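Following: one structure in structure tokens, then a few remarks.
Since the structure is predicted, the reported quantities are computational estimates derived from the model, not experimental observations.
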Amino acid sequence: MTERENASGGRTTPDLEPRRSRSRLHLACHIVAQCLFYALALYFFSHLSIYYFTGAGGATLLAVTLVPIAVAIAFANDLRHDDLYPLLGPLPATLIGIAYAAALIYAAHYLVTEFENIRIYRVGFWNDADKAAGAIVVALTLEYTRRRYLALALVILLLILYTAYGHLVPGMFQHPGMSWNRILTATSLEISTGVFERLPQLGLTLIGSFMLVLAVLRAFGCIDSILAGSSRLAARSPRLLPQAAVIGSFSVAAVSGSGAANAATTGSATIPVLIRAGFPRVKAAAIETASSLGGQLMPPLMGIAAFLMAEYLRVSYFDVVARGFAPAILYFLGVSVAVYLLAGRYMQRAVTPRREPIDYVDIINLSAYALAVIGLIWLMGVERRAAMSSAQLVFIALFSVLSALFLLRFLWALYHQSGPRLTPARLQEAGRPFVRLIETFTTNTAELTVLLATLGILTATFTITGVPTKVGILLMEMAGAHLALMVLVAFAFGYLVGMGLPVAPTYIIVAVVITPFMIRAGVDPWVAHFFAFLVAVFGELSPPTSVVAAVTSRIAEAPFVRTMISALGMCVPLLILMVGVYTRPALVVEPGWPQLPAFALLLVGTLGTILALQGRYAQGWLRDWGTRLALGLLSAVVVLHPDERLAWVVTAPVLAMVFWGLLRAHRALRARPLEAADSAPA
């Protein structure tokens, strides 16, 4: 650092000019990044809004137009958060971000301008300009994936190399190999495969319309009001605190559809309060992990994989949702019972979250949330509207009501304000929810679209190399030995894939490679696809790469491995569901009343298994373990035995032992004196 003589002479002080120059440079780069992001976001939001109302051009042209823009938005969002090549410094990162955006905008413009020529007149004879535009989109999509989902990028890289050099692979997976020109066109210009295929189209259309509902709920504070409402439940009784954490997580999960995102949203509020109540850090993180995992199961927004399931089965999204309620409720009840048992063992202090009394804004927000869920179910289930139009109607209603009420509150506060009224701060406050709406919708939908475009590349390599057919031959041979062996192999395959990939890629790989041959072996399509869905959700929890446990353990400052193992014990309902869709297929084959017998059997088996693992039946370890072992074996009969008449007979002793165990836990919790504790921060 240089030094300069100060005004009094003699003594020297550090020269702050270089630091100030760096600060000004960083500020200028940040402003450029913000301008770039919001310019792209406004175009993306407005273009999709017009499409949702008019459907102009169709889904294919929409994907060709907006997939490159979505990739540019994803890079610009990282750039404005100083997360685009941070080691390079602000100026080089900004220049790279601008270059990426310019290249992608050019590619989008060229592909749209030449859309008909590329798709019809030059099919199979694309020129160099066509290939250059396609290569830009593919390369930058993979670059973003490398930075965000390294494991997925490595899988795709290996598949691309396998596609090019398949002649070097020995055995049944050998193939002649494809030219690099063929690989490029298959992943971009052929449009029916690659970055513009039906997966990113689905992300921009159907899933995007549901993202609008989630975005408006977040923008106007409905998600915050849900968390506030769950804390009011805890305020009614200190012993309800653990259940309030579960209910809050599941309520947010119903409109988030993401386990990791739900853990980050609710975990920051619930985990510190559970720790203050006496739960060990590992157990507090495990409770939130198990609760947040329901984000992938809870209708009406069950996660990306549920939308993909509807696409692969060629059914409406509500057909998936209608079948998804029973597994989600079973999972929720199982986790609630497990948390109740933990509360009887660990809860030591009475902690009440410190909140102001619930006000009319929270009541409006909670009502809007409830109406959104009810409205989606009514429109899709009763009126049998398409899922996309149902989501749009719910969004329009929510946006109209919530924005009108917000503006009325703002004008009322402005009218009663003393002094200058229309200050810049007040104007910024007035526009904040609307900016947040555009920002939330754009970032979530763009990142999802990029992920699905990446998965389009993955499925393209599968398609042109014939991998699913070859894996299917092996599975059919195993099915000839026994269907259970085929299911175990399918689970092992999904488990290995899920260790490194998010839920959506895991589901797609299992659905493409495994489920067609399970269906051919006689498995009902709903059973096969729900199994793939549950295996993919399990990938969020499966050791050693549980994404949800990584989030919650970081919040709780708990060991990651111990959190993950503890969460596995609480997520027994998910494991039982994976088995139960085969042993009790009525759970998912036909929605409504036909689900109830299978649901009842699996619920009894789930509760019995949880009590066997976590309950306490006697003081002496021998009697306690003997009772729990007997309960576990009887519960296994209820879940697994093919004769349902025997399973129904066994439910009687299982229910009696479950009731006994819950009664003991209730007495233990009531008898435990809770120490006084300070109120937890909001």
Side-chain angles (χ1 to χ4, degrees), residues 297 323-324 326-335 337-338 475 478-495 510 514-515 518-519 521-538 541-542 568-590 594-615 625-659 661:
L297 300 173
R323 290 165 172 81
I329 293 171
L330 192 152
Y331 180 83
F332 170 73
L333 293 175
V335 171
V337 169
L475 287 175
M478 293 175 184
H482 200 283
L483 183 61
L485 180 61
M486 184 180 190
V487 174
L488 287 174
V489 172
F491 172 78
F493 178 82
Y495 178 87
V510 176
I514 300 292
T515 55
M518 298 182 79
I519 294 169
V523 177
D524 187 275
W526 283 107
V527 171
H529 278 274
F530 259 96
F531 175 77
F533 172 66
L534 294 169
V535 170
V537 173
F538 184 72
L541 178 70
S542 57
L568 276 173
M570 297 187 63
C571 292
V572 167
L574 181 60
L575 299 173
I576 291 177
L577 282 171
M578 280 190 279
V579 177
V581 294
Y582 282 100
T583 59
R584 307 286 179 254
L587 183 71
V588 295
V589 169
E590 189 68 31
Q595 292 178 286
L596 290 183
F599 172 80
L601 284 175
L602 290 176
L603 179 60
V604 171
T606 299
L607 296 180
T609 304
I610 290 172
L611 267 294
L613 292 173
Q614 300 188 23
W625 277 93
T627 305
R628 290 162 62 187
L629 178 61
L631 177 58
L633 293 175
L634 290 173
S635 300
V637 172
V638 173
V639 173
L640 299 175
H641 202 280
D643 188 349
E644 289 196 5
R645 291 174 297 180
L646 176 62
W648 280 110
V649 170
V650 177
T651 55
V654 171
L655 281 174
M657 297 178 74
V658 167
F659 178 77

Is there a side-chain contact between Pro327 and Leu577 in this structure, where contact means two heavy atoms from C-beta onward sitting under 4.5 Å apart? yes
Taking all heavy atoms of Ala328 and all of Leu297, pick out the closest pair and write down the distance. CB-O, 3.3 Å
Pair up each side-chain donor or acceptor in residues 633-653 with any protein partner under 3.5 Å, not counting sequence neighbours, and list the distances.
{"from": "Ser635", "atom 1": "OG", "to": "Leu631", "atom 2": "O", "distance (Å)": "2.8"}
{"from": "His641", "atom 1": "ND1", "to": "Asp643", "atom 2": "N", "distance (Å)": "3.0"}
{"from": "Asp643", "atom 1": "OD1", "to": "Arg645", "atom 2": "N", "distance (Å)": "3.1"}
{"from": "Thr651", "atom 1": "OG1", "to": "Trp648", "atom 2": "O", "distance (Å)": "2.4"}

Rounded distance [0.5 Å steps], CG in Leu607 versus CG in Leu655: 8.0 Å
Calculate, to the nearest 0.5 Å, the distance between atoms OG1 and CG belonging to Thr583 and Leu601 respectively. 9.0 Å
Measure the shortest side-chain to side-chain distance between Thr515 and Val523 over non-hydrogen atoms and say whether it is less than 4.5 angstrom. no
Report yes if some heavy atom in the side chain of Pro594 is under 4.5 Å from a heavy atom in the side chain of Val589; otherwise report no. no
For Arg628 and Ala612, which heavy atoms make the closest approach, and how far apart are they? NE-O, 2.8 Å
Would you call the rings of Phe531 and Tyr582 parallel, tilted or perpendicular, taking 30° and 60° as the class edges? perpendicular
Selection residues 595-614 - residue pairs positive for side chain to side chain donor-acceptor pair (under 3.5 Å), sequence neighbours left out: none
With under 30° as parallel and over 60° as perpendicular, where do the rings of Phe530 and Phe533 fit, or are they tilted in between? perpendicular
May I have the step-by-step check of side-chain contact (heavy atoms from CB on, under 4.5 Å) for Leu611 and Met657, ending in yes or no? CA-CA 9 Å; Leu611 267 294; Met657 297 178 74; over 6 Å; no
Please walk me through it: do Leu602 and Ile576 pass side-chain contact (heavy atoms from CB on, under 4.5 Å)? CA-CA 8 Å; Leu602 290 176; Ile576 291 177; 4.3 Å; yes
Can you list the steps and then say if Phe538 with Leu568 is a side-chain contact (heavy atoms from CB on, under 4.5 Å)? CA-CA 10 Å; Phe538 184 72; Leu568 276 173; 3.9 Å; yes
What's the shortest heavy-atom distance between Met518 and Ala528, and which atoms? CB-CB, 4.4 Å
Checking Arg323 side chain against Leu587 main chain: does a donor-acceptor pair fall under 3.5 Å? no
Checking side-chain contact (heavy atoms from CB on, under 4.5 Å) for the pair Val487/Met578: CA distance, chi angles, key distance, verdict? CA-CA 10 Å; Val487 174; Met578 280 190 279; over 6 Å; no
